[in-house]
Amino acid sequence: MEEFNTERLGRLTGMLKRRGVILPAFEIHGGAAGLYDFGPVGGRLRNRVNQTWIDHWQSLGNIVEISCPTITPYSVLEASGHVGEFSDYLTECSECGEASRADHLVEDIHPNADTLSKDELSKLIEEHNPQCPACGASDWGEIEAQNLMFNTKIGAGLSGRQGFLRPETAQGMFTSFTSIYRHFRERLPFGAIQTGKGYRNEISPRQGMIRLREFNMAELEYFIDPEIAPIHDFSLWKNPVTLIADDGGEVVMTLEKAVDNGVIRHPTVGYFMGWTMDFLLSVGINPSFLRFRQHESTEMAHYAQDCWDAEILGSYGWIECVGIAHRGCYDLTAHEEATGQRLRAWRTFDEPKVVEIDGWTTDGAKAGPAFRSLAGKVNQFVEGLPSDSSFPLSQNIEGTDLQILPEHVKRVQRTENVNGEWFVPHVVEPAFGIDRIIWHLLDHSYTETEKSGEDYAYLSLPEVIAPVDVTVLPLFEKDGMDLLAQKIHRDLCSRKNIFSVYDASGSIGKRYARADEIGVPWCITVDHESLSDNTVTLRNRDSGEQTRVSIDDLPF
RNA sequence: GCGGAUAUGGUGAAGUGGUUAUCACCUGAGGUUUCCAACCUCAUGUCGUGGGUUCGAUUCCCGCUAUCCGCACCA
């Protein structure tokens, strides 16, 4: 593996474009920053990496795949915290049309205007009617969230609701929690995966495929009971891994040891780091260019308790390609609070708990007429009193001095059996940037060498993700070799999950080189001998070795 | 978003205020060729975009878009 450098990067991106792997989108219209196409070769590559990812996580045995819309109502992303974290609020002056940041308009009125919610801001603006900095008018339109999420209207005209294109797939897993919980017969732990597009309106996309405005994500949300210590088999990973912990130190140790030492704070996070590593290596990431880095508490996303990034070294330096975050109960709690729906799991106690209840409550028939609108508050107060309280009792409630008499209250004494409790599951989330991974596996697979004095480049892609499984080459396009090759080609294409390319132009060496360049693992050559004995030569990309096999025994 | 540089066939490059813009590779057709980019003939295909200056602009100037490099931003 040669060094990464700008010249090599140029040759690699040139090849990827020329061969139709990845290329700038909408180029005939001048292009659009942060948007890329997977071309005729890249399309299948993306699909195979995606499918390999799905298969890999489903092999855990308690994982389901779901698919949610990319168009997401405002309230969902407001509840998740994305509106606040990802957006500025803008409002337009009705006089001159100039857009201003809503929090800037009320800066003088509120000390922390940038922390206010949309409703709080519009209330403040309505009350104080700040002047437009452009024209001095004081007539503001509705506040809209702008910036890092793509705004859209769900529905037409005035009846349309504000929405966004999702910035991550995760929220769909949280809003579908009850359905997934039922699917798993209400038993933790379980996980849901989703692959699909995510959108972020980046201010300035850079570095090719690394920062995109529309990108392929793949996320797992794994729901666990925080009170049950997870048991994971770390013996799968014997080799030490490079870890950069948040105290800044780089250490090399096995995942098992890192979990035992507390460098990795949660065993499930550690386990998924191992599972992530297996996936990355299986699609062709070079293990010596992989490390895990723990987020500093200051850079942690708004929802995370602990987070490890898988970083991959390539032509753009170390790039984070996977984030494995312990999100705690943040998301489910947030959606619960916003909707009033229960997003919890039931935990049955080993032994039912016997709870002695001994206290006071109000007698509604007497306390209601006596305290009228304050009766509810009085009830709350009385139920909080210790069992040895005595009445009458004076209390100030909401500015009113009240006398609570014995006739207003009742003693409550009973024994209850409590069999279990509802709790908010915790979530461990491995989130993958598929495009970044595809970029790096191409970057790592791209090998430049020399062949009989000439520059020679090829992709050493693993067979599971190679965009083309095999090319079929008639040595000459005559004497029936072409017909036989076409027949083999069509037969291979009709097989499940096999994709063959027929190539008959140029010398045989040139065709091998073409196949190598996009990482085709196998070439089948049909020659004169094939016509008489039904055999072909099977050539391996990496070794160049050729073996003669019967057409009926092709290993596909 | 700010500053700098750049934009010529599919790719990589050269070049010019004036008729038909050059080269290599690539691609296609034919020939040749009995397994690793061979050769011959022919062919297809380009001045990012909009405006200005000019008799005439791919070339000079300006805007836009995109790309690259800093800075800033970044789950």
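Worth knowing before you read on, the calculation uses all heavy atoms, side chains too, and leaves out hydrogens, waters and symmetry mates. In the text below, chain A, chain B and the rest are named by the order of the sequence lines, each starting its count at 1.
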Extract from the structure each pairing of a protein N or O with an N or O of nucleotides 10-12 of chain B at less than 3.5 Å, listing the distance.
residue: B:U11; atom: OP1; partner: A:Lys17; partner atom: NZ; Å: 2.8

Check the distance between [N]'s [atom2] and [X]'s [atom1] and give it to me in whole angstrom.
X        : N     : atom1 : atom2 : value
A:Leu212 : B:U67 : CG    : P     : 11 Å
A:Leu23  : B:G48 : CG    : P     : 19 Å
A:Arg213 : B:U65 : CZ    : C1'   : 12 Å
A:Tyr316 : B:C69 : OH    : P     : 7 Å
A:Phe26  : B:U67 : CZ    : P     : 13 Å

- Message: Strictly under 4.0 angstrom, non-hydrogen atoms only: write out the protein contact profile of nucleotides 39-44 of chain B, one letter per nucleotide from the 5' end, B, S or -.
- Response: ------

- Query: Where along nucleotides 30-37 of chain B does protein come under 4.0 Å, by heavy atom, of base (B) or sugar-phosphate alone (S), with - for untouched nucleotides?
  - Reply: ---BBBBB

- Item | Charged tip of A:Arg539 within 45° of A:Tyr512 ring normal and under 6.0 Å |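 Checked: cation-pi criterion met.
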
Parallel, tilted or perpendicular for [X] and [Y], by the 30°/60° rule?
X        : Y        : result
A:His489 : A:Tyr502 : tilted
A:Trp57  : A:Phe272 : perpendicular
A:Phe174 : A:Phe223 : perpendicular
A:His426 : A:His326 : perpendicular
A:Phe556 : A:Trp522 : perpendicular
A:His444 : A:His440 : perpendicular

More than 12 heavy atoms of other residues, nucleotides or ligands under 6.0 Å from [atom1] of [X]: is that the case?
X        : atom1 : answer
A:Leu483 : CG    : yes
A:Asp455 : CG    : no
A:Arg548 : CZ    : yes

On a whole-Å scale, what distance lies between the [atom1] atoms belonging to [N] and [M]?
N     : M     : atom1 : result
B:U32 : B:A5  : C1'   : 49 Å
B:G45 : B:U8  : C1'   : 13 Å
B:A38 : B:G56 : C1'   : 47 Å
B:A24 : B:G1  : C1'   : 41 Å
B:A21 : B:A57 : C1'   : 14 Å
B:A43 : B:C23 : P     : 13 Å
B:C47 : B:G4  : P     : 29 Å
B:C39 : B:U33 : C1'   : 9 Å

- Please list, chain by chain and in numerical order, all residues satisfying salt bridge (charged side-chain N to carboxylate O under 4.0 Å, His left out) with A:Asp491, sequence neighbours excluded.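 Per chain and number, A:Asp491 pairs via salt bridge (charged side-chain N to carboxylate O under 4.0 Å, His left out) with A:Arg495.
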
- Pairs where residues 12-23 of chain A contributes a residue and the test side-chain hydrogen bond (donor to acceptor under 3.5 Å, both in side chains) is met, not counting sequence neighbours: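 As it turns out, the side-chain hydrogen bond (donor to acceptor under 3.5 Å, both in side chains) pairs with a partner in residues 12-23 of chain A, which skip direct neighbours, are A:Lys17-A:Glu27, A:Arg18-A:Glu517, A:Arg19-A:Glu517.
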
- Under 4.0 angstrom, heavy atoms only, what part of the nucleic acid is A:Thr6 near: base, sugar-phosphate, or nothing?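 No contact.
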
- Query: Contact class for A:Tyr458 (heavy atom, under 4.0 Å): base, sugar-phosphate, or nothing?
  - Reply: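 Answer is nothing: A:Tyr458 stays at 4.0 Å or more from every strand.
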
- Message: What I want to check is whether the side chains of A:Asp542 and A:Tyr458 have a donor and an acceptor closer together than 3.5 Å.
- Response: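 Their side chains do not contain a donor-acceptor pair, so the 3.5 Å distance test is not met.
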
- Query: Can you name the nearest heavy-atom pair linking A:Glu429 to A:Ala170, along with the distance?
  - Reply: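 In terms of heavy atoms, the two residues are closest at OE2-CB, 3.3 Å.
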
- Message: Nearest heavy atom decides the nucleotide; on that basis, is A:His29 or A:Gly208 closer to the 5' end of RNA chain B?
- Response: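 That would be A:His29.
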
- Query: Which dot-bracket string fits RNA chain B when only Watson-Crick or G-U wobble pairs with both atom distances under 3.5 Å count, crossing pairs get [ ], and | stands for a partner on a different strand?
  - Reply: (((((((..((((....[...)))).(((((.......)))))....(((((..]....))))))))))))....

- Query: Is the distance between the ring centroids of A:Tyr222 and A:Tyr271 under 6.0 Å?
  - Reply: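 No, the ring of A:Tyr222 stays outside the 6.0 Å limit from the ring of A:Tyr271, centre to centre.
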
